[in-house]
Amino acid sequence: MKRHIYSCGYLLLAILSLLVQSVSSQPTVERDLLEAIQKIKAVDNHAHVLPARSPDSTEEERSDPLGKTPFEYPVRLRVTNPEYLQAWRVLYGYRHHDMTADHAREGLKAKLRLMKEKGTNYPSWVLDQAGIDIILVNTPSLGPGQNAPRFRWVPLADGFLFPFASEEERIKWFRKQVGLDSLPTGLTEYMDTIRKRLDQWKKAGAVAIKFAIAYVRSLDFAQVSDEEANRVFEHYRQDGKVSANEQKTLQDFLFRFMAREAGREGLVVHIHTGIGAEPYFNISGSNPMLLETMFNDPTLRQTNFVIVHGGWPFEREAGVMLIKPNVYADFSAQTFLRSTEALSGVLRGWLEWYPEKILFGTDSYPDDTPLANWEEKLWLATRTSREALALALTQMMKAGEITRQRAEELAGMVLRDNAAKLYGLGKH
Ligand SMILES: [Zn+2]
C-alpha cells in the first residue's frame, strides 16, 4: 500500500515535471548535473590572458569606460552585451543594472582597485573566479603572475614559415616573434635552427606551439620533397626573390617539418581554424578540411594536433576530423561568438562522435575595452561552456544515449581530463 502511494507520488511528480517542461520555452537542464559541472576545475586549452600589471592612475578617469572594439564586433562580443553585467557583479561587486558611463566608471574603478590589491596574484585570482585551474596561454612569453603549474606557455611558431624577409606587416611581425633577422645560409642549417628552438621552447615549459597562419594563407599544406624545398631556397639565395607559388611550396614543406619535429619534442601543434579576428579574414581558406592530407601524412602520426576554435563555421568538418587518432578540437571562441544553445548543439554532435578528443577553451583575449577585456571574456566564456555542456548532456540523457553517471564523466573529460591527458598535466 505504502509502496503504491509512493509510486503514485512519483507519477504525479513526473506529470508535473513534464507540464513544467512543456510550458517553458527555455531548454531545460538537469539542475544537479549543472551544479556538478560548475564545480569542475577546468583546463582552458586556448587563451591570450594578460600578466599582472600596475594600472595607470589615469585609466579609471577615461571618458569612455566601455572603450571601443577594433571593428564592429558580432553581437555577443560587443561592449554593450548585457551579459557582461553579470561578470562585473561576480568579479567586481557591480551593483547597477545598466551600463551608463558613470556606473561603468564605478565598475572600472572597482576593477582597477582589485588589480592593485591582488598584485601579481591578480591573474590567478581571475582564473579562480571562473573555476579554471590551468590555462594554456598563447603569447610570445608569459609575464608576471603567470607561472606554472597554472599558466602554461604556447608560443607562436608561424615566423619560421617565412625564412626570407618580407615587407608585409603581418609576416614581419610573425618573424619578429621568433627572432628571425638574417638570411639563413641554407635550408639544412635553417631546419637545424628550428629544431633547436623547439627544444628550447620545450625546456622553457611550452606544452604546444601555435600556428595562426590562416591569417596569411590557406591551410592546404601539400607534401613537398626535400629536393623541391631546397631548390626554392637556393633560388631565393641567388635571385633575392621567389614566386608566390615557390613561397607556398617552401611554407608547405616547413609546416610539415615543424609539425613532425614538434611531435618528436612532445609539443602539441595548435592550428587556428574557422573565422578570424578581422572582417576581411579569408574564412574559406581556414576550413579544417584543408588539413586532412596533412593529418593523414604517415610521417606525422607522432604529432598531436588541436583544431583551435573547432573550425567554426566549419564545426562539422572539425568534428569529423576527430576520427583521426592524433587530432583534437577545442571550442574556444565559439564560447563567446555563439549562444549557449547554439554551442550546445556543436558539443552534442562532437560528444556523440569522439568525446575523448574534445577540449574546453575560452580564447579570452585583451582589447581596448576595459570592462569587456580578457577577464570578463574568460568568465563569460567559461560560464557559457559549462551551461552548453550541461544542456547537451541533459538532452543526450533524455534521448537515452547516456546515463547520468556518464554525463558527469563526459563533462569532466571535456572540461579537464582530456587536456590533462593530452599535455600530461596534473603530474606537478
Ligand atoms: Zn586565440
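Just so you know, ligand 1 is whichever comes first in the structure, and atom 1 is the first atom listed for that ligand. This structure is a prediction, so every number in the text was calculated from the model and none was measured.
Side-chain contact annotation: D44 with T362, donor-acceptor N/O pair under 3.5 Å present. No donor-acceptor contact under 3.5 angstrom links the side chains of R264 and Q302, judged on distance only.
Here H48 reaches the Zn ion (ligand 1): one of its N/O/S atoms is less than 2.8 Å from the metal. Within the 2.8 Å limit, H309 places no N, O or S atom next to the Zn ion (ligand 1).
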Stepwise side chain to side chain contact (heavy atoms under 4.5 Å, CB included) test for L380 and R383:
CA-CA 5 Å; L380 192 58; R383 192 189 67 164; 4.0 Å; yes
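Within D363, the N, O or S atom lying nearest to the Zn ion (ligand 1) carries the name OD1.
Using a 4.0 Å cut-off between charged side-chain N and carboxylate O, R404 and E408 make a salt bridge.
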